[in-house]
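Numbers here simply count residues along the sequence, with the first being 1. Just so you know, ligand 1 is whichever comes first in the structure, and atom 1 is the first atom listed for that ligand.
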Amino acid sequence: MSKEMGLLLAGSADMGITLDTESTEKFQKYLEMLTDWNTRINLTAITDPEEIVVQHFLDSLSLLTTGLIKKDAAVLDMGTGAGFPGMPLKIAVPEIGLTLVDSVSKKVNFLNELITALGLEKARALHGRAEDLGRQKSMRESYDIVVSRAVAELRVLLEYTLPFVRTGGWCIFNKGPGALDEIKAAGRAATVLGGGELSCIAVSVPMSEKTHNLVMIRKERPTPEKYPRPAGKPKKDPL
Ligand code: SAH
């Protein structure tokens, strides 16, 4: 086994997550494809393989410690980039249904190649913007869990994501040290969009010195029809 996969298994075990041989092989292949494609298209600023394991794979997997992501969950990752945090969740819990969304088509091309190369079922990558897809009947109020990392500040992110969540489902976001300030500024947006109370837990990601917080919100009521507003508007004029 490679040094990187040794690191991944040890770090996962520290978080109480077990990865079987098949999952570990898929992570190895993901690491290789990501590093290879990254020489041609800009997928990630992190190039050191061990850093990819810690800051991409383990940070993504830390979402599993919330206990909210059930085996048969329908999961959407908004603004997934090179597949984070959604893809590691799918590799670790193959039974979930996964939809990855990004507004940059070359990233979506990478993800579709990756899905094929890993032989993943119940996984798809879509090219589009949150503001447009969130108005589509087939996707609106349809997901048990919506995850997102490094896409926008929380009050903007809520407008990008809550429309996709079914009542009773959850949004879970990876956030850094500013999570509590973002939560203070996002209470109104949460209420307007049909969300409940915002909560935050600090997680320790093995071998990472950074501050990692997970911000969570439960969908309590359907999102009013006027949200999400047209593309660009949520960011320009946050709720
Ligand atoms: N989640 C990944 C990528 C973060 S970079 C990670 O943590 O590594 C932010 C990504 O969000 C970019 O790939 C960008 O194309 C995408 N994005 C930004 N605004 C978006 C929107 N309104 N709809 C869909 N994708 C968006």
Tell me whether the centres of the aromatic rings in Tyr30 and Phe84 are closer together than 6.0 Å.
-> yes
Please tabulate, for side-chain N and O atoms in residues 106-120, each donor-acceptor pair with protein atoms closer than 3.5 Å (sequence neighbours left out).
| residue | atom | partner | partner atom | Å |
| --- | --- | --- | --- | --- |
| Asn112 | ND2 | Val108 | O | 3.4 |
| Thr116 | OG1 | Asn112 | O | 3.0 |

Tabulated below should be the N or O atoms of ligand 1 paired with protein N or O atoms at under 3.5 Å; can you produce that?
| residue | atom | partner | partner atom | Å |
| --- | --- | --- | --- | --- |
| ligand 1 | 1 (N) | Gly79 | O | 2.8 |
| ligand 1 | 1 (N) | Phe84 | O | 2.7 |
| ligand 1 | 1 (N) | Arg149 | O | 2.8 |
| ligand 1 | 7 (O) | Arg149 | O | 3.3 |
| ligand 1 | 7 (O) | Arg149 | NE | 2.6 |
| ligand 1 | 7 (O) | Arg149 | NH2 | 3.2 |
| ligand 1 | 8 (O) | Arg149 | NH2 | 3.0 |
| ligand 1 | 13 (O) | Asp102 | OD1 | 3.2 |
| ligand 1 | 13 (O) | Asp102 | OD2 | 2.7 |
| ligand 1 | 13 (O) | Lys107 | NZ | 2.9 |
| ligand 1 | 15 (O) | Asp102 | OD1 | 2.7 |
| ligand 1 | 15 (O) | Ser103 | OG | 3.3 |
| ligand 1 | 22 (N) | Glu131 | OE1 | 3.0 |
| ligand 1 | 23 (N) | Ala130 | N | 2.9 |
| ligand 1 | 25 (N) | Ser103 | N | 3.4 |
| ligand 1 | 25 (N) | Ser103 | OG | 3.4 |

Interatomic spacing from CD1 in Ile41 to OG1 in Thr39 - rounded to 0.5 Å = 9.5 Å
Salt-bridge test for Glu182 and Arg155: reply yes if a basic N is under 4.0 Å from a carboxylate O, no otherwise.
-> no
Name every donor-acceptor pair, under 3.5 Å, that has one atom in a side chain of residues 185-198 and the other anywhere in the protein, sequence neighbours excluded.
| residue | atom | partner | partner atom | Å |
| --- | --- | --- | --- | --- |
| Thr191 | OG1 | Gly187 | O | 3.1 |

Which pairs would a plain distance check flag for residues 126-134, meaning a side-chain donor or acceptor within less than 3.5 Å of a matching protein atom at least two apart in sequence or in another chain?
| residue | atom | partner | partner atom | Å |
| --- | --- | --- | --- | --- |
| His127 | NE2 | Ser103 | O | 3.1 |
| Arg129 | NH2 | Glu131 | OE2 | 3.2 |
| Glu131 | OE2 | Gly232 | N | 3.0 |

